[in-house]
Number of protein chains: 2
Amino acid sequence: MATIQDVARLANVSVSSVSNVLNGRTERLNPATFERVREAIRTLGFRPSQVARQLKTGQTPMLGLLVPSTANPMYGQLTLKIEAEAQRQTGYRVLLGNTNRDREQESRMFDDLLSFGVHGVIVVSSLTGEQHFEVATRQGLAMVSYDGGADPDAPARIDHVAPDNFQAGYLAASHLLELGHRRIAFVMPAGRTVSRASKIAGFQAAVKEAGLGDAVVIECSPAAHYGDAELAELGQALAGQLAQTSTRPTGLVAVNDMMAIGLMSGLHQAGLSVPADVSVIGMDDISMCLYTNPALTSVAMPFGEMAQAMVRRVMLRLAQPDEAPIRLCFPSGLVVRQSTAKPPAANRLAGAGAPKRG
Amino acid sequence: MATIQDVARLANVSVSSVSNVLNGRTERLNPATFERVREAIRTLGFRPSQVARQLKTGQTPMLGLLVPSTANPMYGQLTLKIEAEAQRQTGYRVLLGNTNRDREQESRMFDDLLSFGVHGVIVVSSLTGEQHFEVATRQGLAMVSYDGGADPDAPARIDHVAPDNFQAGYLAASHLLELGHRRIAFVMPAGRTVSRASKIAGFQAAVKEAGLGDAVVIECSPAAHYGDAELAELGQALAGQLAQTSTRPTGLVAVNDMMAIGLMSGLHQAGLSVPADVSVIGMDDISMCLYTNPALTSVAMPFGEMAQAMVRRVMLRLAQPDEAPIRLCFPSGLVVRQSTAKPPAANRLAGAGAPKRG
DNA sequence: GTGAAAGCGCTAACAA
DNA sequence: TTGTTAGCGCTTTCAC
C-alpha cells in the first residue's frame, strides 16, 4: 500500500499538501497543485490509512453494534437496517458482536471497542441499567440502546430508542377483544424486562377497558441462549400444554413474532386450528409473518425509522458527549392478517360469565 | 485512557518492559518487575491501544465478513456462527457488511477493509470470479468464500468452503422420487450461479437414475434486493401461478428454505394443501423449518463445521499468504419432516406415461 | 500557498 | 534484565 509520503514524492509536494488535499482544504491549495496531487493519488491507487489517521485524531469511522443474536430474524433485520443507515448517513462501518444477552459478552465487547478506539455503539439489551454499562459510558463509549429500560435514575448516560410497547400491547389485546374474544392471554418467556412490562401494561389496560378481569400472563421457561429460534421453541412447547387444557384462552398475544410462530406451530401439532380454534397475534411484524400458514397478524414496529434515529443519535453523541440523554418512542401499528378471527362459537357463549360491555 | 507511558511511570520501569509484559515475554523479565508492572496496569485500568499496536505491527485482531443480507435468516445464522467461531478460535472481532450481492458494495467494503488495515475476510458471494475480487486479493486481502464458484482458472487466490450442492440436489430429488413423485421441478430465482448449477446437476442426476426425462427447472424472476425475505416473495408469487396449471408438478425442490417457505405460503393461499396436493422440500435447514406449517423437509448443511473451517482457513492464510488456494466441500443430509409425502392418487396413475424402473 | 516537524501509542532492535 | 530510541502513516501547528 502506498503511503502519503509516496504521493508527496510523486507529486513533488510536501506531505502536508497531500494531507490538505485528502481533507478537502482546497482553499489553501493552488488549483494546479491540487490537481497534481490528485493525479498522483490516482496513479498510485493511494488510500489513506484509517489506522494512522485514527492514532492522530482519535476518531474512526466505525460503530459498534451489539445484538443478542443475528440468527433471530428480528435482530438480523435490525442489523441490516442499522448497518445500511450508518453507511448512508456517514459512511461508518459496523463492528458486530452477538451477545446472547449475556453480561459477560457485552462487557468484553465494550472493552474491545474501546481498545479499537471505537467510541460509538448501538446496543440491543435489556441490561442497560447494569454496572458494566455505566463503566463503559464512563470510559468514553457513546451509547444508544434499543428497547432497553430507560431508568431515569441510572447513572449511565445512555440514549434510548424504543417502539411504543404499551401501545403495542394495547393494540394487540384490543384487536382480539374486538373480535369477540373474552379469554385471552399474554405469552412470553420467563423474566420481566422493562419492555415486556410495558407490553403487559398495555395489554392489561385494554382488558380492563373491556370490562374483563381475568386476563392471564403466561411465562414460559426462561430463554437461555437467544442463539437461535429458541423463542419459537418455547412457544411451541407451551402451545402443546395449552392445547390440553379445556379452559385454554381463545386468543394469544405473543411478546414477539418468533414466539407467535412457535405457538402456531405447537397448536397445529396438537391438532388445533389457527385461527378457528385459537387466534394468535405477534409483535414486530418481521417479514416472516407474510409467509407463515396462516399469515401472522402482528403489531409492526417502525424499524427503518428507529434505525435511522439510533444512528443519528449516536453520531450526535459522538460529537457532543455531554448532551443530556433522551428517550425516543416510536408508534407501533396493527397489521391484520389471517391468524386472528372470531373465537369459536362455544366460547362466545361460554364467555357469558364475563361482564358485558356498554 | 491510560497509555503505556503512564504504566511505565507508575511501575518505575521503561515502556519496553511494559511492552514485554503485555506481550507475554516473561522470560526477559524479573518476576518482581513483572508483578510491579501488572499491578500498575491493574490500578490504571490500562488497555493497550489496538490502533497504535496495529500501526506498528500491521496486524489487527479483526476480520471482515460480507454477507448478502443478515435479514435473511440463513445468513443471519451463518453470521452468528462465524462471529462466535472467530471469537472462540482467536479472539478476533468481526467487521460486518451487507452487500445485497452487489458488486459495487462488495468493492467498497474491500476498500474500507484495506484502509482499516483488516487483511482477513470471509465473503458470501456468487461473484468470486469477478475482477474486484482479484483486485482485492492482489492488494493484500486474504479471502475465504462461502458457496462461491471455485473457478480453477480464476486469477484470484481465494479459498472456497461450500456444502456439497450436487449431493443436496440429488438427495432432495431422490426423496421425492422414492415417495412416488414422477413430475417434479427445481425452483430458483433467475440467474445461474455455480452453486445453483451444482444443485440442478444433482437434481437431474437423480431424475435420470429414476428413468425419467422430463424434470423441469423453473426460474422465477430475478432476485433484486436480497435485503429481505425476497426469495420467499418470489416463491409465493410463483406458487400462485403453478396452482393454476393443471399439469403442475406434484413435488417441488426449492433452491433454499426461504424460497420453499414462500412456495408453501403461495400454495396455501391458492387453496392447495402441502403435502397432500404438492410436496415441497427446501435446502439449508434453517431453524425456521421446524416452525412452518407443515414443518419443512429440507437438506441440512453443516453450518457449524463450515463456519469453523472458514475461520480456520482465513487465519491460516493470514499467516501464510502464499498458501495455495483450496476448496473444502461439506456433506449435506436429508431431514424429513411433514412437507413431503406421496403424490396425490390421481397423479400416481397419470405418471404411467413415464418409463418404468427396473 | 507550501513545507518542516512534532507527536498520536505502541513494538522491537539495539545498547547498556 | 532493563532502558533508549526509531518509526509505523497520518494531521496539524507554525514558519516561511
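Here is the naming used below: chain letters follow the sequence lines, and residue numbers restart at 1 for every chain. The figures here come from the full heavy-atom set of this structure, side chains too, leaving out hydrogens, waters and symmetry mates. On a predicted model such as this, the values are computed, not experimentally measured, just so you know.
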Query raised in the report: If the sugar-phosphate is the primed atoms plus P, OP1 and OP2 and the base is the rest, what is the B/S/- string for nucleotides 7-16 of chain D, using protein heavy atoms under 4.0 Å?
Result: BBBBBBB---

Requested in this report: Decide yes or no for V121(B) and L66(B): does some side-chain heavy atom of the first lie under 4.5 Å from some side-chain heavy atom of the second?
Outcome: yes

**Report entry** Sugar-phosphate, base or nothing in reach of Q59(A), heavy atoms under 4.0 Å
**Finding:** nothing

Query raised in the report: So, do M62(A) and V94(A) sit near enough that their side-chain heavy atoms are less than 4.5 Å apart?
Result: no

**Report entry** Contact check, side chains of P325(A) and H160(A), non-hydrogen atoms, under 4.5 Å
**Finding:** no

Query raised in the report: Heavy atoms, side chains only, cut-off 4.5 Å: are H119(B) and Q59(B) in contact?
Result: no

Requested in this report: Identify whether the distance between the nearest side-chain nitrogen and carboxylate oxygen of D159(A) and R312(A) falls below 4.0 Å.
Outcome: no

Query raised in the report: Between Q50(B) and T60(B), does any side-chain donor sit less than 3.5 Å from a side-chain acceptor?
Result: no

Query raised in the report: Are D6(B) and R9(B) close enough for a salt bridge, meaning some N to O gap below 4.0 Å?
Result: yes

Report task. Extract, from 5' to 3' on DNA chain C, the first and final nucleotides lying under 4.0 angstrom from some heavy atom of chain A. Result -> dG1(C) to dG9(C)

Query raised in the report: Charged N to carboxylate O below 4.0 Å: is that the case for R88(B) and E85(B)?
Result: yes

